[in-house]
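Heavy-atom basis, side chains included; hydrogens, waters and symmetry copies ignored. Residue numbers start from 1 in every chain, and the chains themselves are labelled A, B, ... in the order their sequence lines are given, proteins ahead of strands.
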Protein chains: 2
Amino acid sequence: MSDNSLKYKIIFNDLRAKIITGYYKINQQLPLEKELGDRYCASRITVKKAMDLLVNDGLIIKRRGVGSFVKGAATLAVSAPMGSKPFGFTASHPDETVSSKLIEFSVVHPQPDTIKNLYLEETDFVYHFSRVRYLDKQPCCIEYTEIPINIIPGIRIDNLMDSVYRHIEVETHFRIQSQHQTVRACRANSLEAENLHIAMIDPIMEIEQVTYLDNGMPFEYSIIHYRHDRYEFHNVNIAS
Amino acid sequence: MSDNSLKYKIIFNDLRAKIITGYYKINQQLPLEKELGDRYCASRITVKKAMDLLVNDGLIIKRRGVGSFVKGAATLAVSAPMGSKPFGFTASHPDETVSSKLIEFSVVHPQPDTIKNLYLEETDFVYHFSRVRYLDKQPCCIEYTEIPINIIPGIRIDNLMDSVYRHIEVETHFRIQSQHQTVRACRANSLEAENLHIAMIDPIMEIEQVTYLDNGMPFEYSIIHYRHDRYEFHNVNIAS
DNA sequence: CAGTGGTCTAGACCACTCT
DNA sequence: GAGTGGTCTAGACCACTGG
């Protein structure tokens with residue numbers, strides 16, 4: 001999966017590292033596509049593909065007739081090395097200690113929002129669970145999740161104390177391919193106030209998300225409520 | 001600008017419209033890249049480029065050895081037609097009546113966050129203004145903005161009642177090229193509570209953003225506070 | 001005018017899925 | 001084995017920038 005020996009990924013990762021570490025400085029011009037092609041023994045098209053990915057991540061801009069330049073916000077931009085895009089709470093925090101407290105775990109019929117987003121029937125069954133998630137012992141968010149038992153069978157309590165996504169990728173031959181998210185602000189309820197150690201008037205960042213397997217099937221509907229001081233969402237928009 | 005006679009944009013827009021209108025239904029297989037190439041008189045590479053853009057927008061998935069399929073969340077996905085990516089409040093709400101109330105407008109030295117994000121000196125001058133923004137007369141958000149006078153000269157009060165971005169694209173030869181955003185939840189202050197017609201305990205969606213011209217220069221630092229019930233943020237993540 | 005990146009093609013080969 | 005999409009190339013032409 002995600003083979004990093006591909007030329008365009010090698011070039012992307014190499015240029016990305018040189019930008020982030022400051023080898024290429026802000027506003028500095030990058031080598032020309034043709035020259036990078038020679039350097040990496042790649043065609044101009046392959047170099048262009050790698051550099052277009054850097055544009056999408058907000059690290060560089062390209063100006064026709066002029067050249068390519070490191071963007072001002074390069075070090076702040078949302079950019080991960082190719083082949084290591086993280087999905088899920090555990091994978092998103094590799095440098096911190098992730099722990100969980102299980103609030104609820106049952107098998108029930110799906111909620112209306114789950115039915116709608118995962119294309120289920122009222123009579124289907126789903127794993128229904130909620131967890132408080134901690135980073136280095138500090139409460140960070142509460143997740144409310146439903147996963148159909150037909151798609152991902154065999155979830156047990158010990159999976160919930162660890163990473164559910166890891167269980168899925170290990171126990172099935174599927175990979176997690178994509179995630180659609182909606183971000184909102186809302187207020188905490190009493191359960192959240194107690195478990196996240198906040199006041200009920202404190203704001204909450206709500207993420208509503210549907211996660212997809214690599215066969216195109218949506219397998220998870222989840223609402224995540226973050227402490228507002230433990231989460232922010234980064235985004236880059238590029239004109240078409 | 002953004003020439004829509006390009007083949008890959010035509011193909012992207014056409015397929016996108018057919019997915020959104022339901023001509024291609026959820027989970028339905030799209031025609032093969034080769035067949036679409038014949039149909040649009042384009043090479044397979046050009047068709048692939050258009051379809052990869054659909055993947056990025058969350059409208060389809062591609063499975064090697066199998067084909068391409070309309071994604072479940074296709075109609076909910078974040079996708080705009082090529083050549084019409086909107087930047088700014090006015091352009092993002094073409095179907096509603098946008099109006100503004102000016103709270104403050106002055107020329108001052110930049111705030112520390114502006115200095116840091118736009119690479120200014122303490123001794124530079126910026127336009128400093130804040131506006132309440134209304135959709136169909138309903139208060140929606142407050143924007144707090146600073147723009148260096150050296151980069152975009154000639155902003156006047158009547159520009160602030162309209163779209164500042166439109167003023168920039170009309171009065172300068174620059175285009176707005178990209179925007180880096182950070183999204184958070186926070187609480188309203190008394191000014192916001194009064195102007196947005198909400199309570200001080202109500203949550204707020206905060207967008208902190210830096211906007212770039214097509215020469216790579218950041219020209220605007222802005223904080224936008226939205227009513228939590230008038231804004232949500234959509235996002236699609238694709239594994240690399 | 002020379003030189004940049006943008007688009008597009010034809011063709012090749014590979015990795016993968018399904019039967 | 002047949003057929004899909006993924007990667008990569010060499011080469012062409014175009015649009016744009018700057019001197």
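Proximity note for A:Tyr8 (side chain, C-beta onward) versus C:dC8, C:dG6, D:dT7: the nearest is D:dT7. Taking every side-chain heavy atom of B:Lys62 into account, D:dG5 is the closest of D:dT7, D:dG5, C:dA10. Ranking C:dG6, C:dG5, C:dT9 by closeness to the A:Ser68 side chain, first place goes to C:dG5. Residue B:Thr46 has its side chain nearest to C:dC8 when only D:dG6, C:dT17, C:dC8 are considered. The side chain of B:Asp52 lies closest to D:dG6, out of C:dG6, D:dG6, D:dC8. Distance from the side chain of A:Glu33 is smallest to C:dG6 among C:dT9, C:dG6, D:dG6. In the set C:dT9, C:dT7, D:dG6, the nucleotide with an atom closest to the side chain of B:Lys49 is C:dT7. Considering only side-chain atoms of B:Arg63, the nucleotide from D:dG18, C:dT17, D:dG11 that sits closest is C:dT17. Out of C:dT9, D:dG6, D:dC14, the shortest distance to the side chain of A:Arg64 is found at D:dC14.
Nucleotide C:dG5 holds its C1' atom 14 Å from the CD atom of B:Gln177, rounded to whole Å. The distance from atom CG of A:Asn215 to atom P of C:dC16 is 17 Å, rounded to the nearest whole Å. In this structure, CG of A:Leu30 is placed 17 Å from C1' of C:dG3, rounded to the nearest angstrom. Look at CG on A:Asp214: it is 12 Å from C1' on C:dC16, rounded to the nearest Å. Summarising the geometry, the separation between CG on B:Leu36 and P on D:dT4 is reported as 12 Å, rounded to the nearest angstrom. Atom NZ in A:Lys48 sits about 19 Å away from atom P in D:dA12, given to the nearest Å. The interatomic distance linking A:Ile61 (CD1) with C:dT4 (P) rounds to 16 Å, in whole Å. The distance from atom CG of B:Leu6 to atom C1' of D:dC16 is 14 Å, rounded to the nearest whole Å.
Under the 6.0 Å distance and 45° angle rule, B:Lys7 does not count as a cation-pi partner of B:Tyr40.
A:Tyr212 and A:His180 have tilted rings, their planes meeting at an angle from 30° to 60° on a 0 to 90° scale.
Using a cutoff of 4.0 Å between basic side-chain nitrogens and carboxylate oxygens, A:Asp52 and A:Lys62 are scored as salt-bridged.
Around the NZ atom of A:Lys34, the shell of radius 6.0 Å holds no more than 12 heavy atoms that belong to other residues, nucleotides or ligands.
A:Thr21 places a side-chain N or O within 3.5 Å of a backbone atom of A:Ala17 that can act as its donor or acceptor partner.
The shortest distance between the side-chain N/O atoms of A:Lys34 and the OP1/OP2 oxygens of C:dG3 is not below 4.0 Å.
Between B:Gln29 and A:Gly65, it is B:Gln29 whose nearest contact on DNA chain D lies nearer the 5' terminus.
The base of C:dG6 sits within donor-acceptor range of the side chain of A:Arg44, with an N or O pair under 3.5 Å.
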